[in-house]
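Worksheet for the structure shown next.
Quick note: residue numbers are just sequence positions, from 1.
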Amino acid sequence: MSSPPRLFISYSWSTSEHEQWVIDLATELVNSGVDVVLDKWDLREGHDSIAFMEKMVTDPSISKVILVCDQVYASKADGRAGGVGTETQIISAEVYAKQSQDKFVAVIAEKNDAGKPYLPTYYKSRIYVDLSESDRYAENFEKLLRWIFDKPLYLKPEIGKPPSFIIEPDAPALGTSALAKRVIEGVKADKGYTRGALDEYLSLFSEHLERFRISSDEGEMDDRIVKSIEDFTPSRNELIQIVTALAQYTDPQAYVPRVHRFFESILPYLSRPPHVNRWSETDFDNFKFIAHEMFLYVIAVLLRGEHIESATYLLSQSYYVPGNSDYGKNATVSFTAFREYMKSLDIRNQRLKSNRLSIRADLLEQRSKTSGVQFRHVMQSDFVCFLRADLTHIDSYDRWWPETLLYATRHYGPFELFARSTSKTYLSRTLSLLGVPNLDLLKEKLDEYASDRKNLPRWQFESFNPSALVGFDQLGTKV
């Protein structure tokens, strides 16, 4: 068992109450496994007080020093008065001389009338631990302990592997970056060419998506699909930036029909092209993921910007699929067409023995960290798509499987959209988004989920609680 850290306490004998405060702090540290060196305990009659003070620097067993700062301590330190002044000369020289300065920390015991901590001048640019406020004492005492034991709350993660689109020069690209820049500049400056530039960008995006079609190269198919998804990341982020600019600088209602047509244009990528006669079920899985992820993010960005009517348009309009009617299928489909099953990821889970509940959910969660959109907004988008499909589609096969809600067990309380729907005005917009005219129909569906959990998507034993994510009891309770 390793020996406990040794810590020296420097403080001022300001008042008897302050001295007792320091003793209580020292006692609490000792009880927490710290070997505290304190004059009250370790300095006896006949001892050399200067040598005792120098011990904090010269004794190699003392790894940490705390400076308990109150008004008197700061004043004596700056005036080099008394024992504190002597200690200040020792400490300040040590602090300024060392490049590694994690041996000393100020602990705030008192603040001035303006709420500013009393600190010696030589220490004012440094981070301190504030124990002067009782309501945050426990939280900040933990910070102090973590500093003493060199166990910070936040650790820098290990450096990972660069994504393939960075290290592989042959990674496919859409070639749309110049057009994207022009669209964003036009949106921000309200230029007349913006709509035309957006049309040009979306058309080129759709056309060049063909560059991401997976060939029948050697290697595991699921590896090539995951790599293709990773290679697509810059293009995904480019689209997110454009939609974000539209949501931030314009009323996107004028542009949403163009976005709708864009999503129509990528639907053919999700199935066999007309010229292909031999194919496998997994050949188009990268496009299935890409289309699904892009649709989730567009809805997420619109809802984040409270452009509920624009999101409603994309969820309510049908999508035309050229050639579908030739095979006895409907010529139009609902938005649920953008979430199709990916067999390749189940194969990957089994091949790698990953034992994950959903590789797809994991990918969506991990990839959100480089998107500029918080994952909670992506989950909210997924949940809205799920509810909208269940509330408006009669066909039980026409459902939206909310992949990201596997992570909803970490989300407490309603999503932001529903939390804001306590307002009756806001609620009417939310109900329109969900495709229902009143709360009764929503309650009926939520009761259905509660009475028969089999109606909910599940990942083995994991599921989510729609009523909690909606916060139904609070909907429409305010003006």
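A salt bridge between E220 and R224 is absent, with no side-chain N of the basic residue lying under 4.0 Å from a carboxylate O of the acidic one. Salt bridge R136/D130: absent, no basic N to carboxylate O contact under 4.0 Å. Remark: R458 does not engage E462 in a salt bridge, criterion side-chain N to carboxylate O under 4.0 Å. Using a cutoff of 4.0 Å between basic side-chain nitrogens and carboxylate oxygens, D223 and K227 are not scored as salt-bridged. A salt bridge does not link R182 to E185: none of the charged nitrogens lies less than 4.0 Å from a carboxylate oxygen. The residues D346 and K343 are annotated as not salt-bridged, no charged nitrogen and carboxylate oxygen being separated by less than 4.0 angstrom. Using a cutoff of 4.0 Å between basic side-chain nitrogens and carboxylate oxygens, R304 and E416 are not scored as salt-bridged. Using a 4.0 Å cut-off between charged side-chain N and carboxylate O, D199 and R195 make no salt bridge.
Taking the ring centroids of F205 and F212, they lie at or beyond the 6.0 Å cut-off. Aromatic rings from F335 and F263 are positioned such that their centres are separated by 6.0 Å or more.
Annotation: cation-pi geometry not satisfied between R236 and F232 (NZ/CZ under 6.0 angstrom from ring centroid, within 45° of ring axis). With a 6.0 Å cutoff to the six-membered ring centre and a 45° limit on the axis angle, R339 does not count as a cation-pi contact of F295.
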(request) Start with the C-alpha distance between I66 and L144, add both sets of side-chain angles, then the distance that settles side-chain contact (heavy atoms from CB on, under 4.5 Å), and finish with yes or no. (result) CA-CA 9 Å; I66 62 176; L144 179 62; 4.0 Å; yes

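In this structure, a donor-acceptor pair under 3.5 Å is absent between the side chains of S177 and E238. For the residue pair W400 / D382, a side-chain donor-acceptor distance below 3.5 Å is found, with atom types taken as modelled.
Between F383 and F464, the two ring planes are perpendicular [angle over 60°; tilted spans 30° to 60°]. Below 30°, between 30° and 60°, or above 60°: for H292 and F289 the angle between ring planes is above 60°, a perpendicular geometry.
Counting heavy atoms of neighbouring residues, nucleotides and ligands inside a 6.0 Å radius, atom NZ of K111 exceeds 12 of them.
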